[in-house]
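Here, residue 1 is the first one in the sequence, and each next residue gets the next number.
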Amino acid sequence: MTTSTTGTDTLTRDALAVLQPGFAGTTAPDWVRRRLSEGLASVALFGRNVATAEQVTALTAQLRAERDDLLVAIDEESGDVTRLEVRTGSSFPGNHALGAVDDTALTRGVARELGRRLAECGVNFNWAPSADVNANPDNPVIGVRSFGRDTGLVARHTAAYVEGLQSTGVAACTKHFPGHGDTSVDSHHAVPHIDLDATTLNERELQPFRAAIAAGTRAVMSAHIRVPVLDPDRPATLSRRILTGLLRGELGYQGLIVTDGMEMRAISGTYGLEHGVVLAIAAGADAICVGGGLCDEDTVQGLTDALVAAVRSGELPEERLADAAARVRALADWTAGMRRSPALESDREPEIGLTAARRAVTVTRTGPAAPVTGPVYVATFHPAANIAVGDETPWGVGAELERLLPGTTTGSFTGPDAGARALEAAAGRRVVAVVRDEHRHPWMRTALDTLLAAGPDTVVVEMGVPQSAPRGVLHVATHGAARVCGTAAAEAVVAG
């Protein structure tokens, strides 16, 4: 192990310590290993870094050969947002499915089993859970990533998730502070505004974060959203009023504050990446998430130089940067101390994800219909994936129905003529129509109209937020599109 400080001054080491950068490839690049010896204290893994669990384990071991107390972060919400199982779909349902079941012991157990798998791969920092209250049904980026629209439900499940995950020595990062649920804009593309009054913000958005803090969450992630009642000028990630005044001061939070991805256009497109990073640390953030898109050494060098220059110019107080770096190292110390947690060895529940997905399924029958016993045509209607979810991860019920009902065939459709094309492809066979957030996509609603008019015995599977009224002779709502949700939905279709 090499942790030499030779040749790297304290200011530069502190600037490196607050960065959580990504990198390309499934092995550790030389530049990352070198930066670890110079002060880098965290790295972030994304889908591009993952091939198998065994490969991730080897990768994290390679990284820790350079720095034993390294924080290895990942965005593993499970459900629709998975990195560890990016190519297969998650073994665990996401938050919305867990909220639909509303069993905090189940949520705690799912998070604990997920934490075990992450810890076994050498990952000790998870950018989850989402504590956003799904107040806006048109939200294009949160949706099934939220436990639900009821504040109390979101609060108790956020706390249970934090407790379960952290029992395995994996730090939870509760997000997206002060609440991203009531937006209709995706902060990957622009700055969303949440025009709430102070009372609604306090009683709805902030309650799940209070619950997470009470549960001991080791990190909180800021949102790139503007909340005028809190700060009319700057988004939360860059707002001292929000991060230092509200989160640290009023809510009494003492753990690590992490930014959402700084390449997101809400920040980089408005303030510039390097200046945005300086503003975030000055506002009270302790760690900078970067690397979802920019994952090279030049990015790390540029951000390090920007932080050092800001201190030397007086724009960023040196003690603020030192405090941020100290908080990163303190979290690294906590994870190192938790590495041999008893939760890693006891009460394994390898099937808890499928059990939870099955419990989350809601089946609605709108009229009498023949059971589904023979081959069907599965028409999956694909909306454009948001950046958080990505388009690499398979979803749906087709593969499982092909297994359960030999002879079943499948097709994928999108756009204004999707229904007509699906009907032609079905060629008279009974159709299982799979949708995702029908209520947000008029073309998807029209496609279902076409199928149901032609085939009243059509089965509908909704794998997003089941906001639209159930229709189809059999309507199956999974509350998420994880692989296990697809399995549970296919079982429900066959069971009738």
Side-chain angles (χ1 to χ4, degrees), residues 77 79-81 89 93-97 99-100 130 132 134-146 148-149 180-190 192 360-362 364 366 377-398 410-426 431-456 458-482 485-486 489 493:
E77 297 177 18
D80 291 31
V81 178
N95 285 2
H96 205 58
S130 166
D132 305 302
N134 203 24
N136 188 338
D138 292 324
N139 195 313
V141 69
I142 302 300
V144 295
R145 301 167 67 195
S146 166
R149 59 185 306 168
H180 207 311
D182 196 12
T183 65
S184 57
V185 172
D186 185 344
S187 52
H188 289 88
H189 303 297
V361 166
T362 301
T364 304
T366 62
Y377 185 78
V378 181
T380 302
F381 296 103
H382 277 269
N386 65 57
I387 292 175
V389 173
D391 57 8
E392 294 178 88
T393 306
W395 66 282
V397 302
T410 64
S412 298
F413 307 91
T414 191
D417 62 344
R421 288 188 290 114
L423 195 61
E424 180 181 4
V431 174
V432 174
V434 186
V435 296
R436 200 168 179 176
D437 291 343
E438 179 202 345
H439 67 282
R440 292 200 303 110
H441 303 288
W443 68 266
M444 198 179 289
R445 190 175 310 119
T446 300
L448 281 188
D449 290 342
T450 299
L451 291 180
L452 290 167
T458 295
V459 174
V460 176
V461 178
E462 169 63 84
M463 301 194 76
V465 177
Q467 184 77 22
S468 296
R471 55 190 183 139
V473 70
L474 183 72
H475 185 276
V476 178
T478 62
H479 304 89
C485 294
V493 168

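When all heavy atoms are compared, the tightest approach of Cys485 to Pro93 is SG-CB, 3.9 Å. In this structure, Ala422 and Ala379 approach most closely via the heavy-atom pair CB-CB, 3.9 Å. In this structure, Ile142 and His180 approach most closely via the heavy-atom pair CG1-O, 3.5 Å. Residue Ala489 comes nearest to Val461 through the heavy atom pair CB-CG1, 3.9 Å, listed as atom of the first residue, atom of the second, then distance. When all heavy atoms of Arg436 and His441 are compared, the closest pair comes out as O-CD2, 3.6 Å. Nearest heavy-atom pair, Ala426 versus Val431, reported as atom, atom and distance to 0.1 Å: CB-CG2, 3.6 Å.
Distance check, rounded to the nearest 0.5 Å: CZ of Arg471 to OG1 of Thr458 gives 10.5 Å. Thr478 contributes atom OG1, which lies 4.0 Å from atom CE of Met463 (distance to the nearest 0.5 angstrom). Distance check: Asn134 CG to Gln467 CD gives 8.0 Å after rounding to the nearest 0.5 Å. The OG1 atom of Thr450 lies 9.5 Å from the CG atom of Asp417; values are rounded to the nearest 0.5 Å. Here the straight-line distance linking atom CD of Glu438 with atom OG1 of Thr446 works out to 9.5 Å at 0.5 Å rounding.
Taking the side chain as every heavy atom from C-beta outward, Asn136 and Thr183 never approach each other to under 4.5 Å. Under the 4.5 Å side-chain criterion, counting only non-hydrogen atoms from C-beta, Asp132 is not in contact with Arg145. Looking at heavy atoms from C-beta onward, Val144 lies out of side-chain contact with His479 at the 4.5 angstrom threshold. Put simply, the side chain of His96 reaches to within 4.5 Å of the side chain of Pro466, judged on heavy atoms. Looking at Thr380 and Thr410, their side chains never come closer than 4.5 Å, going by heavy atoms from C-beta outward. Side chains of Trp395 and Val434 form a contact here, defined as non-hydrogen atoms less than 4.5 Å apart. Val493 places a side-chain heavy atom less than 4.5 Å from the side chain of Val432. For the pair Pro383/Arg440, no side-chain contact is recorded, criterion being any heavy-atom separation below 4.5 Å from C-beta on.
Asn95 and Ser146 form no side-chain donor-acceptor contact under 3.5 Å, judged by distance and modelled atom types alone.
Proximity of a side-chain donor or acceptor of Thr366 to a complementary backbone N or O of Gly472 within less than 3.5 Å is detected. Side chain of Asn386 to backbone of Pro140: a donor-acceptor contact under 3.5 angstrom is found. Proximity of a side-chain donor or acceptor of Arg421 to a complementary backbone N or O of Ser412 within less than 3.5 Å is not detected. Glu462 places no side-chain N or O within 3.5 Å of a backbone atom of Val476 that could act as its donor or acceptor partner.
The aromatic rings of Tyr377 and Phe413 sit tilted, their planes meeting at an angle between 30° and 60°. Relative ring orientation between Phe381 and Trp443 is described as perpendicular, the plane-to-plane angle rising above 60° on a 0-90° scale split at 30° and 60°.
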What verdict does the side chain to side chain contact (heavy atoms under 4.5 Å, CB included) test give for Leu423 and Leu451, after you've listed the backbone C-alpha separation in whole Å, the side-chain angles of each residue and the deciding distance to 0.1 Å?
CA-CA 6 Å; Leu423 195 61; Leu451 291 180; 3.9 Å; yes
